[in-house]
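All values below come from the heavy atoms of this structure, side chains included, with hydrogens, waters and symmetry mates left out. In what follows, every chain begins at residue 1, and chains take the letters A, B, ... in the order their sequences are listed.
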2 protein chains.
Amino acid sequence: MRPTVHDIAAEAGVSLATVDRVLNGRPGVRRQTVEKVETAVSRLGYVRDVMAANLARRRIYPLVFVIPAGPNSFMRVLEAEIAAAMGRSSVERTSIRIETVPPFDSGAIVRVLDALDPQSVSGVALVATDTEEVRIAVDRLIDQGVQVATLVSDLPGSRRVHFCGIDNIAAGRTAGNLIGRFCAGRPGKVLVVAGSLKLSDHMDRASGFAAVLKSEFPELEIIGPVETNDDADAVRSAVGAALDADPHIIAIYNLGAGNRGLIEAIAARKPRRPAVIAHEVTRHSRQALADGVFDAVINQDCGHEVRSAIRVLKAYADGLNPLSAQERIRIDVFLKDNLP
Amino acid sequence: MRPTVHDIAAEAGVSLATVDRVLNGRPGVRRQTVEKVETAVSRLGYVRDVMAANLARRRIYPLVFVIPAGPNSFMRVLEAEIAAAMGRSSVERTSIRIETVPPFDSGAIVRVLDALDPQSVSGVALVATDTEEVRIAVDRLIDQGVQVATLVSDLPGSRRVHFCGIDNIAAGRTAGNLIGRFCAGRPGKVLVVAGSLKLSDHMDRASGFAAVLKSEFPELEIIGPVETNDDADAVRSAVGAALDADPHIIAIYNLGAGNRGLIEAIAARKPRRPAVIAHEVTRHSRQALADGVFDAVINQDCGHEVRSAIRVLKAYADGLNPLSAQERIRIDVFLKDNLP
DNA sequence: GGATTTCTGATTTACGTACCTCAAATATTG
DNA sequence: CAATATTTGAGGTACGTAAATCAGAAATCC
């Protein structure tokens with residue numbers, strides 16, 4: 001049987017009320033007594049029954065998700081996953097709010113973060129733009145006792161408790177390795193398309209990709225990265241222009257969004273068939289895989305990311321450590337055959 | 001606020017005791033009254049607070065995992081994951097027992113299943129051998145009210161509530177697609193190595209692989225599948241013999257265990273460098289990826305499988321439906337760059 | 001030494017559900 | 001209609017914790 005607060009009280013020779021004060025960090029207990037209780041806790045291996053505790057304190061976890069607005073389908077899928085989590089909130093004892101901000105606008109993120117009431121929010125998950133002002137706003141929230149996790153794009157140097165996303169350098173390397181093998185020794189050029197190199201995730205993918213090509217596939221030469229601000233139309237014209245200008249392009253790596261534009265650009269140049277790798281399974285990329293327009297899609301499971309963010313924020317709010325293996329987001333590689 | 005049993009009682013115009021009898025399927029309630037309560041439940045959207053319920057009934061979930069013994073490293077990793085889950089059992093309110101049985105021995109599985117006391121076991125997860133006697137034993141357990149889930153290898157035709165594993169046909173197709181692209185149009189032969197075609201997962205992988213090669217890469221000819229009973233030494237000699245006998249083998253797909261033997265066979269024939277795809281990330285396959293001996297490894301996350309099995313069995317034991325997106329096991333594709 | 005202040009104990013109520021008992025109401029049977 | 005069986009109500013205790021109150025004990029101050 002696992003020990004209860006009663007056992008702790010008996011073991012420490014104090015009353016239940018005192019144990020409660022120590023466990024919940026309330027004042028009014030002498031240092032000596034605190035230690036007695038703490039040794040009893042560790043001797044008996046007591047762990048608070050979170051369910052009973054939540055029941056007793058009628059706890060709910062007020063969480064806020066800060067994500068970019070706009071047409072980016074990945075972000076819209078992310079939003080849908082958050083909405084799905086909101087549907088489970090009564091069971092999971094959460095109360096989730098979504099705040100959308102204009103994409104690539106760190107000022108807007110800062111304003112949202114600063115407007116939060118630290119008393120009534122226990123955790124925040126945000127898709128971060130990697131700028132100093134966001135970093136500062138995040139650290140300020142943390143100082144106010146709010147748990148902050150980054151989602152999809154990390155904020156290195158901040159004190160966020162967790163990053164719910166993939167290792168984007170490794171993702172870029174994976175794309176490089178696949179492109180290299182798909183080209184199978186044939187020399188040529190690889191067009192790299194990015195959204196914005198101000199996003200740390202895009203930057204990381206580009207550098208991982210370049211590193212692998214340089215060291216393992218020197219016969220492939222990189223063109224780009226071309227920046228498109230994740231706009232499908234910009235992707236279409238950029239890719240189209242590049243393909244028309246250079247017949248030696250035998251592969252394309254789109255490490256950002258705007259897959260629709262990429263698909264259109266390739267479709268308009270039918271007979272050519274470059275090896276194509278893109279990111280994120282969406283309606284468009286799924287179709288492109290099925291049609292043989294994309295060869296592989298690298299994906300992060302945003303359902304997993306959202307659920308993980310919720311679990312992690314709840315755990316930290318309770319002073320617990322999340323299960324790291326469960327919270328690691330995989331770099332999924334999808335061919336048309338293993339699409340979920 | 002979510003509704004409680006009290007709200008249901010008030011809404012249905014009956015007493016708390018009656019609501020309790022209906023919700024927990026206890027006798028002594030007129031059909032009419034049952035219906036009154038049930039309409040109140042659905043009108044208010046009542047869902048039982050599982051935490052409070054578990055607290056009240058001091059519930060623990062006694063679960064049994066039935067897995068093969070023997071040196072198969074994947075199974076040993078699986079066992080380690082189960083052991084890790086046992087370490088969390090006080091928090092998760094589970095009581096987990098592991099039963100190991102000789103591999104490929106359906107009689108032994110049946111004996112273990114038959115020996116279970118359905119009163120004191122709420123769920124069973126088993127790595128099934130696909131035979132009629134196992135199917136019958138599983139269905140018998142289910143009739144006795146025990147929740148049964150299959151793990152890693154499914155038992156089609158049985159009434160198991162859930163399969164915690166991957167779609168192995170799709171996994172085989174994925175391997176075929178990758179091998180085909182890695183060979184990039186070069187004609188040649190592909191050696192397929194299997195453990196036992198009596199395992200439905202191995203059979204499925206083989207057929208998925210063959211289907212893709214036939215339809216999309218007709219320039220590749222399949223040799224095998226060679227059966228090795230998942231024994232590394234058998235794999236080594238079989239692969240070695242095949243490579244020596246046929247210089248046209250340009251790729252190898254090992255869809256079963258025994259990767260150590262595969263690595264040894266290839267290492268002994270240094271200058272040749274076939275494209276190699278294997279299954280499951282283990283110590284050996286991880287090293288082989290890093291060394292460039294394997295090109296890709298297809299993996300199922302067995303930590304995920306174990307955690308999922310536990311969640312699913314608990315959910316069904318409570319009469320709830322698990323979250324399907326969360327419980328879907330991915331077909332992971334690992335190159336050396338995206339290894340976890 | 002008395003008045004404070006600080007600490008501690010004892011006790012109670014509550015969370016939402018399970019499960020038990022006992023009595024009362026209603027339905028069924030002979 | 002009485003006797004019985006079935007159904008329902010009312011109320012309680014328990015699970016493990018949180019949080020509150022109130023009274024007493026101990027330490028500190030002047």
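- For the pair A:R59 CZ and D:dA19 C1', the computed distance is 15 Å after rounding to whole Å.
- Using a 4.0 Å heavy-atom cutoff across all strands shown, B:N24 reaches sugar-phosphate atoms only and no base atom.
- When the nearest nucleotides of DNA chain D are assigned to B:R30 and B:L55 by heavy-atom distance, the more 5′-ward of the two goes with B:R30.
- Taking atom CZ of B:R31 as the reference point, atom P of D:dT6 lies 16 Å away to the nearest angstrom.
- In this structure, A:D318 does not pair ionically with A:R48, as no charged nitrogen and carboxylate oxygen lie closer than 4.0 Å.
- At a cut-off of 3.5 angstrom, the base of C:dG16 holds no donor-acceptor pair with the side chain of B:R57.
- Using a 4.0 Å cut-off, some side-chain N or O of A:T18 falls inside it from OP1 or OP2 of C:dG9.
- In the interface, the side chain of A:R58 is not paired with the base of C:dG16 through any donor and acceptor atom under 3.5 Å apart.
- In the set C:dC19, D:dT17, C:dA10, C:dA10 carries the atom at the smallest distance from any side-chain atom of A:S15.
- Between B:V50 and B:R59, the closest side-chain pair of non-hydrogen atoms is not below 4.5 Å.
- DNA chain D is contacted by both B:V34 and B:A52; B:V34 maps to the nucleotide lying nearer its 5′ end (nearest heavy atom per residue).
- At whole-Å resolution of the value, CG in B:L16 and P in D:dG11 are 11 Å apart.
- Rounding to whole angstrom units, CZ of residue A:R26 and C1' of D:dT17 are separated by 10 Å.
- Pairing each heavy atom of A:R159 with each of A:D139, the nearest pair is N-OD1, 2.9 Å.
- The closest donor-acceptor contact from the side chain of B:S89 to the backbone of B:M86 lies under 3.5 Å.
- Counting only heavy atoms from C-beta on, A:A17 has its side chain closest to C:dA10 among D:dC15, D:dT17, C:dA10.
- If you check every strand for non-hydrogen atoms under 4.0 Å, A:A53 touches sugar and phosphate atoms only.
- If you take NE2 of B:H6 and P of C:dA14, they are 11 Å apart, rounded to a whole angstrom.
- Atom-to-atom, CD of B:E35 to C1' of D:dT7 comes out at 16 Å; the value is rounded to the nearest Å.
- A 6.0 Å sphere centred on CD of A:E132 holds more than 12 heavy atoms belonging to other residues, nucleotides or ligands.
- Between B:R21 atom CZ and D:dG11 atom C1' the separation is 12 Å, expressed in whole Å.
- In this structure, CZ of A:R93 is placed 8 Å from C1' of C:dC15, rounded to the nearest angstrom.
- Distances shown here put every side-chain N or O of B:R48 at or beyond 4.0 Å from the OP1 or OP2 atom of C:dG16.
- A salt bridge links B:D301 to A:R330: one of the charged nitrogens lies within less than 4.0 Å of a carboxylate oxygen.
- When distances run from any side-chain atom of A:V29 to the nucleotides D:dA18, D:dG11, C:dT8, the shortest one goes to C:dT8.
- Contact annotation for B:V50: no contact, since no heavy-atom pair falls under 4.0 Å across all strands.
- Contact annotation for B:D49: backbone-only contact, meaning every heavy-atom pair under 4.0 Å involves sugar-phosphate atoms and none involves a base.
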